[in-house]
Protein chains: 2
Amino acid sequence: MRDAKRILEEKDISPSLQRVIILKYLQEHPNHPTVEDVYHDLIDDIPTLSKTTIYNTLKLFTQKGIVYQLAVPGNEAHYDYSEGYHAHLLCEECGGIFDIESDISLNIENDLEGHLILGIEVIYRGICRNCRKE
Amino acid sequence: MRDAKRILEEKDISPSLQRVIILKYLQEHPNHPTVEDVYHDLIDDIPTLSKTTIYNTLKLFTQKGIVYQLAVPGNEAHYDYSEGYHAHLLCEECGGIFDIESDISLNIENDLEGHLILGIEVIYRGICRNCRKE
DNA sequence: TTGACTTTTATAATGATTACAAAAATGTAG
DNA sequence: CTACATTTTTGTAATCATTATAAAAGTCAA
Ligand SMILES: [Mn+2]
Ligand SMILES: [Mn+2]
Ligand SMILES: [Zn+2]
Ligand SMILES: [Zn+2]
């Protein structure tokens with residue numbers, strides 16, 4: 001796992017205590033946590049931590065391309081730090097978000113119908129393997 | 001363009017005045033309108049129209065698979081009625097949503113890593129051809 | 001016409017996110 | 001070290017989209 005502090009410095013973000021801890025949390029929790037999840041799990045370590053800081057920090061990380069913000073209709077945003085590209089499966093039964101290996105990003109054109117393409121997000125909808133057993 | 005009333009009947013939705021008008025609006029406006037857009041454009045035709053009805057109707061349509069709800073982080077939901085599958089480009093400059101021809105859906109497996117796959121959504125992020133000129 | 005049922009409507013409530021301004025932390029010149 | 005400017009964090013209030021609720025209106029068949 002890459003050093004959180006270094007990642008921030010490379011993106012010209014001063015590595016404050018809160019920012020480093022939030023980034024480390026995302027590195028250690030690839031399960032697409034929400035702002036609420038981050039807050040709930042970190043408030044014991046930093047009792048002064050504010051939800052506003054988490055919102056601000058995750059917005060900053062998203063803008064700098066450090067994390068990916070995953071939108072789910074009508075729900076909170078989920079955040080994803082990951083080194084490698086992957087797609088996601090959104091379970092219609094339990095609402096869970098699962099990583100899916102994918103090679104789609106490999107064949108990205110950087111120009112599609114005149115638009116400049118910077119990235120791609122693939123979301124599958126379906127029933128996850130857990131819910132499927134029932 | 002398929003008859004809106006018939007589409008609703010096929011999905012066991014009683015074709016009330018409001019539902020038919022909202023579906024027709026979506027058919028005639030493939031530019032991914034929001035609830036606000038629908039309300040703004042239809043309130044003159046039906047002065048009694050309520051925003052709640054639009055929310056309820058679009059949720060119903062989404063559940064029945066008539067329209068597709070497109071989530072954009074931190075913003076309103078956009079709705080898409082369309083016969084054929086296509087991907088979308090989300091412009092980081094102007095926020096616009098553009099249709100992109102895509103054949104990705106053709107090679108969908110119905111089983112990926114144990115999950116049951118029902119659909120796929122592909123979102124490109126980038127700069128649209130309009131913003132690119134500047 | 002009555003009454004059951006569906007649909008729409010207006011209003012209030014909720015929940016996520018952002019705006020704002022004060023407090024705390026950090027860095028730097030003297 | 002101290003004084004001051006700048007950045008970062010924090011708590012609170014405001015905003016915005018969406019949902020809950022219950023009354024009103026519409027539909028339909030006995
Ligand atoms: Mn992921
Ligand atoms: Mn579209
Ligand atoms: Zn599931
Ligand atoms: Zn654009």
Side-chain angles (χ1 to χ4, degrees), chain A residues 4-5 7-9 11-25 32-64 66-80 95 97, chain B residues 4-5 7-9 11-25 32-64 66-80 95 97:
Chain A
K5 204 169 179 178
I7 293 172
L8 295 178
E9 282 163 349
K11 298 279 186 175
D12 292 315
I13 299 170
S14 79
S16 71
L17 177 72
Q18 288 84 344
R19 286 169 178 164
V20 171
I21 289 185
I22 291 172
L23 180 50
K24 278 185 181 167
Y25 178 87
H32 319 102
T34 64
V35 165
E36 182 61 38
D37 294 330
V38 178
Y39 181 78
H40 175 271
D41 290 350
L42 292 183
I43 190 61
D44 288 332
D45 298 313
I46 320 176
T48 65
L49 184 64
S50 163
K51 236 178 224 180
T52 302
T53 298
I54 301 174
Y55 274 105
N56 291 340
T57 301
L58 292 180
K59 174 176 280 190
L60 177 65
F61 288 179
T62 302
Q63 287 166 344
K64 292 285 190 172
I66 297 176
V67 303
Y68 194 83
Q69 190 182 30
L70 187 58
V72 181
N75 286 108
E76 310 151 82
H78 294 255
Y79 293 86
D80 193 340
I97 300 172
Chain B
K5 205 168 178 180
I7 293 172
L8 295 178
E9 283 163 348
K11 297 281 185 174
D12 293 315
I13 299 170
S14 79
S16 71
L17 178 71
Q18 287 85 342
R19 285 169 178 164
V20 170
I21 289 185
I22 291 171
L23 180 51
K24 277 184 180 167
Y25 178 87
H32 318 102
T34 64
V35 165
E36 182 61 38
D37 294 330
V38 178
Y39 181 78
H40 175 271
D41 290 351
L42 292 183
I43 191 62
D44 288 332
D45 299 312
I46 320 175
T48 64
L49 183 64
S50 164
K51 240 180 222 180
T52 302
T53 298
I54 301 174
Y55 274 105
N56 292 339
T57 302
L58 292 181
K59 173 175 281 190
L60 178 65
F61 288 179
T62 302
Q63 288 166 345
K64 292 285 191 171
I66 296 175
V67 304
Y68 194 82
Q69 190 183 32
L70 187 58
V72 181
N75 286 107
E76 311 152 80
H78 294 255
Y79 293 86
D80 193 340
I97 300 173

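Throughout, protein chains are lettered first and strands after them, A, B, ... in sequence-line order, and every chain is numbered starting at 1.
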Quantified as the angle between the terminal helix axes (five pairs each), what is the overall bend of the helix from dT1(C)-dA30(D) to dG30(C)-dC1(D) to 10 degrees?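 Angle reported: 10°, given to the nearest ten degrees.
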Could you give the NZ-to-C1' distance, from Lys59(A) to dA16(C), as a whole number of Å?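 Going from NZ in Lys59(A) over to C1' in dA16(C) covers 12 Å.
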Any residue meeting side chain to side chain donor-acceptor pair (under 3.5 Å) with Lys64(A), in chain and number order, not counting sequence neighbours: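 By the side chain to side chain donor-acceptor pair (under 3.5 Å) rule, Lys64(A) matches no residue at all.
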Measure CD/Glu76(A) against C1'/dT14(C) and give the value in whole Å, please.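 Nearest whole value for this atom pair: 13 Å.
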Not counting sequence neighbours, which residues clear side-chain contact (heavy atoms from CB on, under 4.5 Å) with Ile21(A)? List them please.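 Ile21(A) satisfies side-chain contact (heavy atoms from CB on, under 4.5 Å) with Leu17(A), Leu42(A), Ile46(A) only.
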So, using side-chain contact (heavy atoms from CB on, under 4.5 Å) as the criterion, who are the partners of Ala4(A) when residues are at least two apart?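 Testing Ala4(A) for side-chain contact (heavy atoms from CB on, under 4.5 Å), a comparison that skips the adjacent residues, returns Val20(A), Leu23(A), Lys24(A), Gln27(A).
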Can you tell me the distance, in whole Å, between the CG atom of Asp37(A) and the P atom of dT17(C)?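 Rounded to the whole Å, the gap is 11 Å.
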Can you tell me how far the CD1 atom of Ile66(B) sits from the CZ atom of Phe61(B), to the nearest 0.5 Å?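 Reported value, rounded in 0.5 Å steps: 5.5 Å.
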Pairs under 3.5 angstrom, nitrogen or oxygen only, protein versus nucleotides 6-10 of chain C, please.
| residue | atom | partner | partner atom | Å |
| --- | --- | --- | --- | --- |
| dT7(C) | OP1 | Ser14(B) | OG | 2.5 |
| dT7(C) | OP1 | Arg19(B) | NH1 | 3.1 |
| dT8(C) | OP1 | Ser16(B) | OG | 2.3 |
| dT8(C) | OP1 | Gln18(B) | OE1 | 3.3 |
| dT8(C) | O3' | Gln18(B) | NE2 | 3.0 |
| dT9(C) | OP1 | Gln18(B) | NE2 | 3.4 |
| dT9(C) | OP1 | Thr48(B) | O | 2.9 |
| dT9(C) | OP1 | Thr48(B) | OG1 | 3.0 |
| dT9(C) | OP2 | Ser50(B) | N | 3.3 |
| dT9(C) | OP2 | Thr53(B) | OG1 | 2.7 |
| dT9(C) | O5' | Thr48(B) | O | 3.2 |

For nucleotides 22-26 of chain C, tabulate all protein N/O to nucleotide N/O atom pairs closer than 3.5 Å, reporting atom names and distance.
none

Report the distance from atom CD of Gln63(A) to atom P of dT17(C), rounded to the nearest whole Å.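 Distance, rounded to whole Å: 15 Å.
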For residues 50-63 of chain B, which residue pairs qualify under salt bridge (Lys or Arg N to Asp or Glu O under 4.0 Å), counting only residues two or more places apart or in two chains?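 Residue pairs with at least one partner in residues 50-63 of chain B: Glu36(B)-Lys51(B).
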Checking His78(B) side chain against His32(B) main chain: does a donor-acceptor pair fall under 3.5 Å?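 Checked: pair present.
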Could you state the OH-P distance from Tyr79(A) to dA16(C), rounded to the nearest angstrom?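 Spelled out: OH on Tyr79(A) to P on dA16(C) is 12 Å.
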Which residues pass the side-chain contact (heavy atoms from CB on, under 4.5 Å) test with Thr53(B), not counting sequence neighbours?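 Testing Thr53(B) for side-chain contact (heavy atoms from CB on, under 4.5 Å), a comparison that skips the adjacent residues, returns Gln18(B), Leu49(B), Ser50(B), Thr57(B).
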Which distance, rounded to the nearest 0.5 Å, do you find between the CG of Leu60(B) and the CG of Asn56(B)?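 Rounded to the nearest 0.5 Å, the CG-CG separation comes out at 8.5 Å.
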Mind checking side-chain contact (heavy atoms from CB on, under 4.5 Å) for Gln69(A) and listing every partner two or more places apart, or none if nothing turns up?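 Only Thr62(A), Ala77(A), Tyr79(A), Pro73(B) meet the side-chain contact (heavy atoms from CB on, under 4.5 Å) criterion with Gln69(A).
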Pair listing, side-chain hydrogen bond (donor to acceptor under 3.5 Å, both in side chains) test, anchored in residues 39-49 of chain A, at least two apart: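 Sorted result for residues 39-49 of chain A: Tyr25(A)-Asp41(A).
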Asp37(A): partners by side chain to side chain donor-acceptor pair (under 3.5 Å), with sequence neighbours left out: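 Counting only residues at least two positions away or on another chain, Asp37(A) forms a side chain to side chain donor-acceptor pair (under 3.5 Å) with Thr34(A).
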From the 5' end of DNA chain D to its 3' end, which nucleotides mark the outer limits of contact with chain A, defined by a 4.0 Å heavy-atom distance cut-off (strictly under)?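 The footprint of chain A covers dT8(D) to dT12(D).
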